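Each remark here refers to the structure printed beneath this line.
These numbers were taken from a predicted model, which means no experiment stands behind them. Along the sequence shown, residues carry numbers from 1.
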Amino acid sequence: MEFGIFVQGYVPKSRSQADPEAEHKALMEETEYVVQADRSGFKYAWVTEHHFLEEYSHLSANDVYLGYLAHATERLHIGSGIFNPLPQVNHPVKVAERVAMLDHLSAGRFEFGTGRGAGSHEILGFLPGIEDMNETKQIWEETIAEFPKMWLQDTYEGFSGTYWSLPPRKILPKPYGHSHPAMWYAAGSPSSYAMAARKGLGVLGFSVQKVSDMEWVVDSYKTAVRDAEPVGAYVNDNVMVTSTAICAETSEKARRIAASGGLNYLQSLLFRYHDTFPRPEGIPAWPQLLPEYTEEIIDLMISEELMICGDPDEVTAQCKRWDAAGADQLVFGLPIGISYEDTMNTVELIGEHVIPEIDTDPVHRTTRLRAAAG
């Protein structure tokens, strides 16, 4: 199992009300987390694209941000988590051009993650009047198979669909090196995992679930992907899952950090905006908040496999649980409301103690898949 982090530009009001430069500092600090992850042996960094999601995510222009990270990192694969290819948000040709350019700037280290947006607040900002949110799935499905054609055909044959069209044109630049970047889909439900498997796409599993609840979903993906009819040049047989992670020198310190990190507020914001995610029982409707987490609640969440927290040995054991469940990549959401120093310490400790115990392959999984496609 490989490791990564994702960043999203989290700027809670508690921070912005105390510091007029909070937004700037949050974005710059997250850049430093990614650079440190590169130094610490992580293999991936995923960068969100969100719009209008106050507090939860101020990272909207992720193509610009990823261009900087391509220069600031050396080994890390950088991924769009996501680029939104709905033509009302980003024209598909512009997305194809940006992916190919980032592939060049990173010398083949770019990962192309796609999706349809966080929920109704975000999506309806671009598509007012939609009554059925599933219509965005139809738009996405009409579009996704066109990207490999834009990259690999000398002159793109053009497209005429329900939601967008383009006459034949040369789409430039072409991707760097062999084939094209690995293609992923941000999935929030078991049916989305199955759809991604059928299309030969890797899954960006940003939904919040415990290991035991995800095991059968991962297994069903792995079964379905064997018979994939890939929309791209190769099957990206890959499941990425996400979790909160806090690692400290002692178990007690890690739990103190977690209990004081405002995790309940971030989780409340997640369900405020991601209203297409399955809502677990007991999650209150915004603006009501989940209760503040105590160390006892943190212990319960650890035991229920809903977060990763502890000293390096504990964190290693918890990560091995995801590895045994079949996850190909485990990605940690950073920051989570804790201090810059504690977040950097988590990245460094996981890189020093945890990753060497689990990920012994120096080559990225997607590098092997892409190379095999020729």
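Side-chain atoms of Asp38 come within 3.5 Å of backbone N or O of Leu76 as a donor-acceptor pair.
Exactly one residue among Thr114, Asn84, Asn90 makes a side chain to side chain donor-acceptor pair (under 3.5 Å) with Glu49. That residue is Asn90.
Ring centroids of Trp286 and Phe271 are separated by 6.0 Å or more, keeping the two rings apart. You'll find the ring centres of Phe126 and His51 inside the 6.0 Å limit. Centroid-to-centroid, the aromatic rings of Phe110 and His104 stay 6.0 Å apart or farther. Ring to ring, Tyr33 and Phe42 are not that close: their centroids are 6.0 angstrom or more apart.
Contact detail for Ile246 and Ala254: the closest heavy-atom pair is CG2-O, 3.8 Å.
We find the OG1-CD1 distance between Thr346 and Ile308 to be 11.0 Å, quoted to the nearest 0.5 Å.
The aromatic rings of Tyr44 and His77 stand perpendicular to each other, their planes meeting at an angle above 60°, with 30° marking the opposite boundary.
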Quiz item: Should Glu30 and Tyr65 be marked as a side-chain hydrogen bond (donor to acceptor under 3.5 Å, both in side chains) after you check the CA-CA gap, both sets of side-chain angles, and the distance that decides it?
Solution: CA-CA 11 Å; Glu30 294 195 12; Tyr65 193 83; 4.9 Å; no
Exercise. Determine, stepwise, if the pair Tyr185 / Arg116 fulfils side-chain hydrogen bond (donor to acceptor under 3.5 Å, both in side chains).
Key: CA-CA 9 Å; Tyr185 178 66; Arg116 299 181 282 132; 3.0 Å; yes
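Salt-bridge formation is detected for the pair Glu29/Arg15: a Lys NZ or Arg NE/NH1/NH2 atom is positioned less than 4.0 Å from an Asp or Glu carboxylate oxygen.
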